[in-house]
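Being a predicted model, the structure only gives us computed values, none of them experimental. A, B, ... follow the sequence lines: proteins, then strands. Residue 1 opens every chain.
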Number of protein chains: 2
Amino acid sequence: MTAVTTQCCAPIARAPLSEDDAADLAVLLKAVADPVRLRLLSMIGSHPGGEACVCDLTGVFDLTAPTISHHLKVLRTAGLIDGERRGTWVYYRIIPETVSRLGALFTPLAAPPAAQSGPVDVELLTV
Amino acid sequence: MTAVTTQCCAPIARAPLSEDDAADLAVLLKAVADPVRLRLLSMIGSHPGGEACVCDLTGVFDLTAPTISHHLKVLRTAGLIDGERRGTWVYYRIIPETVSRLGALFTPLAAPPAAQSGPVDVELLTV
DNA sequence: CCTTTGGATAGAAGTTCATCTAATCAGGAG
DNA sequence: CTCCTGATTAGATGAACTTCTATCCAAAGG
């Protein structure tokens with residue numbers, strides 16, 4: 001266990017964020033701060049096999065294919081998903097490291113109403 | 001323990017998000033998807049006593065007071081912070097429940113490179 | 001080769017958002 | 001009461017974002 005142990009606050013509430021870190025994280029958060037992209041991310045992540053074809057995604061929304069393509073590109077540019085063409089179709093899958101980076105920002109606030117049974121060990125990411 | 005136990009994926013990667021849930025969460029995420037608001041949140045949360053006066057916040061940024069006030073209002077409207085006037089000054093503090101709701105969305109993806117020692121119990125929030 | 005289908009790119013239109021200046025509200029101090 | 005300071009509200013402006021249509025690229029089949 002190489003992590004720093006804490007039982008208090010989320011990283012975001014433990015020390016002031018630097019200007020650079022805040023700018024970095026804002027880019028990442030902006031990528032997921034959209035209903036369509038949030039649903040795309042969850043559809044890709046929960047798809048059997050861990051990956052989803054674009055053709056599985058376009059039909060679900062009331063949007064044109066280029067719009068879906070645009071949103072996938074935003075997620076991809078942010079490093080949240082990765083895509084690969086195999087033959088005719090393109091498959092996307094989640095990049096867990098980036099997703100967990102978001103979670104680590106807000107999570108270790110522990111349980112606010114009823115505290116967890118024991119102290120929670122938290123990786124202190126360098127963002 | 002009334003929670004569902006899992007050792008796999010973040011909630012966002014476990015089941016497709018409904019349209020309504022995605023819209024709700026996008027509003028919350030949009031509130032934190034800004035460098036200034038991210039820093040405001042972390043400055044308020046990490047301030048001694050758990051609360052910060054607006055006067056502590058305005059000087060740090062290269063922005064006018066009304067702009068800071070606007071950002072604080074966005075955070076407040078989203079339910080991430082709460083403010084109270086005491087005499088001359090207004091003090092803001094974090095609402096941990098809302099912050100942890102964000103963390104719960106992305107976190108339980110476990111440790112991607114090296115798995116945690118044991119399975120992690122995760123509250124399955126209804127969002 | 002030509003055609004068809006899946007997907008991405010280019011550019012435009014409408015909307016949302018961050019920021020400013022100016023004006024307003026709330027408490028204290030003289 | 002009047003003035004000063006802390007903070008918010010109102011309105012305007014310019015940039016960024018979401019979505020569209022039209023076009024283009026890539027792979028597979030006839």
Side-chain angles (χ1 to χ4, degrees), chain A residues 17 19-20 22-41 43-44 47 49 51-93, chain B residues 17 19 22-44 47 49 51-93:
Chain A
L17 235 40
E19 201 170 340
D20 286 349
D24 265 18
L25 290 166
V27 169
L28 202 54
L29 284 166
K30 217 166 285 195
V32 293
D34 179 276
V36 176
R37 290 197 288 270
L38 226 34
R39 291 180 69 197
L40 283 172
L41 201 61
M43 289 172 66
I44 293 171
H47 210 265
E51 60 182 15
C53 172
V54 176
C55 57
D56 296 324
L57 307 171
T58 46
V60 177
F61 300 90
D62 215 15
L63 298 169
T64 63
T67 299
I68 300 297
S69 200
H70 158 75
H71 284 301
L72 288 171
K73 185 178 188 176
V74 172
L75 290 173
R76 191 179 184 174
T77 302
L80 285 158
I81 61 174
D82 193 18
E84 179 194 359
R85 169 163 228 133
R86 285 205 299 276
T88 305
W89 292 282
V90 175
Y91 296 87
Y92 281 96
R93 94 177 111 289
Chain B
L17 235 39
E19 201 170 341
D24 265 17
L25 289 167
V27 170
L28 201 53
L29 285 166
K30 218 166 284 196
V32 293
D34 179 275
V36 176
R37 291 197 287 272
L38 225 33
R39 292 179 69 196
L40 283 172
L41 202 60
S42 77
M43 288 172 67
I44 293 170
H47 210 265
E51 60 183 16
C53 172
V54 176
C55 57
D56 296 324
L57 307 172
T58 46
V60 177
F61 299 89
D62 214 16
L63 298 168
T64 64
T67 299
I68 300 297
S69 200
H70 159 73
H71 285 302
L72 289 171
K73 185 176 188 176
V74 171
L75 290 172
R76 190 179 184 174
T77 301
L80 285 158
I81 61 174
D82 193 18
E84 180 195 358
R85 168 163 230 134
R86 286 205 299 275
T88 305
W89 293 281
V90 175
Y91 296 88
Y92 281 96
R93 92 180 117 283

d(NZ, B:K30; C1', C:dC17) in whole Å: 10 Å
Integer-rounded Å distance: C:dC17 C1' and A:D34 CG: 14 Å
First of A:A65 and B:I68 reached from the 5' end of DNA chain D, by closest nucleotide: B:I68
Sugar-phosphate only, base, or nothing, as touched by A:R37 at under 4.0 Å among non-hydrogen atoms: sugar-phosphate
Whole-Å distance separating the CH2 atom of A:W89 from the P atom of C:dA8: 14 Å
N or O in side chain of A:T67 less than 4.0 angstrom from D:dT19 OP1/OP2: no
Nucleotide of D:dA22, C:dT19, D:dA7 approaching B:C53 most closely (side-chain heavy atoms): D:dA7
Cation-pi, B:Y91 ring and B:R86 (6.0 angstrom, 45 degrees): yes
Using atom types as modelled, flag every donor-acceptor pair under 3.5 Å from a side chain in residues 69-78 of chain A to any protein atom, sequence neighbours excluded.
| from | atom 1 | to | atom 2 | distance (Å) |
| --- | --- | --- | --- | --- |
| A:H71 | ND1 | A:R37 | NH1 | 3.0 |
| A:R76 | NH2 | A:G83 | O | 3.4 |
| A:T77 | OG1 | A:K73 | O | 2.8 |

Side chain to side chain contact (heavy atoms under 4.5 Å, CB included) between B:K30 and A:K30, worked out: CA-CA 7 Å; B:K30 218 166 284 196; A:K30 217 166 285 195; over 6 Å; no
Any B:K73 side-chain nitrogen or oxygen under 4.0 Å from OP1 or OP2 of D:dT8: no
Separation of C:dA8 P from A:E84 CD (nearest whole Å): 13 Å
Spacing between A:D56 atom CG and C:dG6 atom C1', to the nearest angstrom: 12 Å
Phosphate-side-chain proximity, A:S69 and C:dG7, N/O vs OP1/OP2 below 4.0 Å: no
Given D:dC17, C:dA8, D:dT19, the nucleotide with the shortest approach to the side chain of A:V90: C:dA8
From CD1 (B:I44) to CG (B:D56), nearest 0.5 Å: 10.0 Å
Whole angstrom value for the distance that separates C1' of D:dT19 from CG of A:L40: 14 Å
A:H70 side chain near D:dT18 phosphate (N/O to OP1/OP2, under 4.0 Å): yes
Side-chain N,O (B:H71) to OP1/OP2 (C:dC17) below 4.0 Å: no
Sugar-phosphate only, base, or nothing, as touched by A:Y92 at under 4.0 Å among non-hydrogen atoms: sugar-phosphate
Selection from D:dG6, C:dC20, D:dT21 that lies nearest to any side-chain heavy atom of B:R85: D:dG6
Rounded distance (Å) that lies between atom C1' of C:dG7 and atom CZ of A:R86: 15 Å
Atom-pair distance (CZ on B:F61; C1' on C:dC20), nearest Å: 17 Å
Upstream residue (5' side of DNA chain C) when B:L63 and A:T88 are each assigned their closest nucleotide: A:T88
Nucleotide nearest B:L72 when distance is taken to its side chain, options C:dC17, D:dG6, D:dT8: D:dT8
Pairwise distance CG(B:L28) to CG(B:D24) - rounded to 0.5 angstrom: 8.5 Å
Side-chain donor/acceptor of B:T58 to backbone N/O of B:A65, under 3.5 Å: no
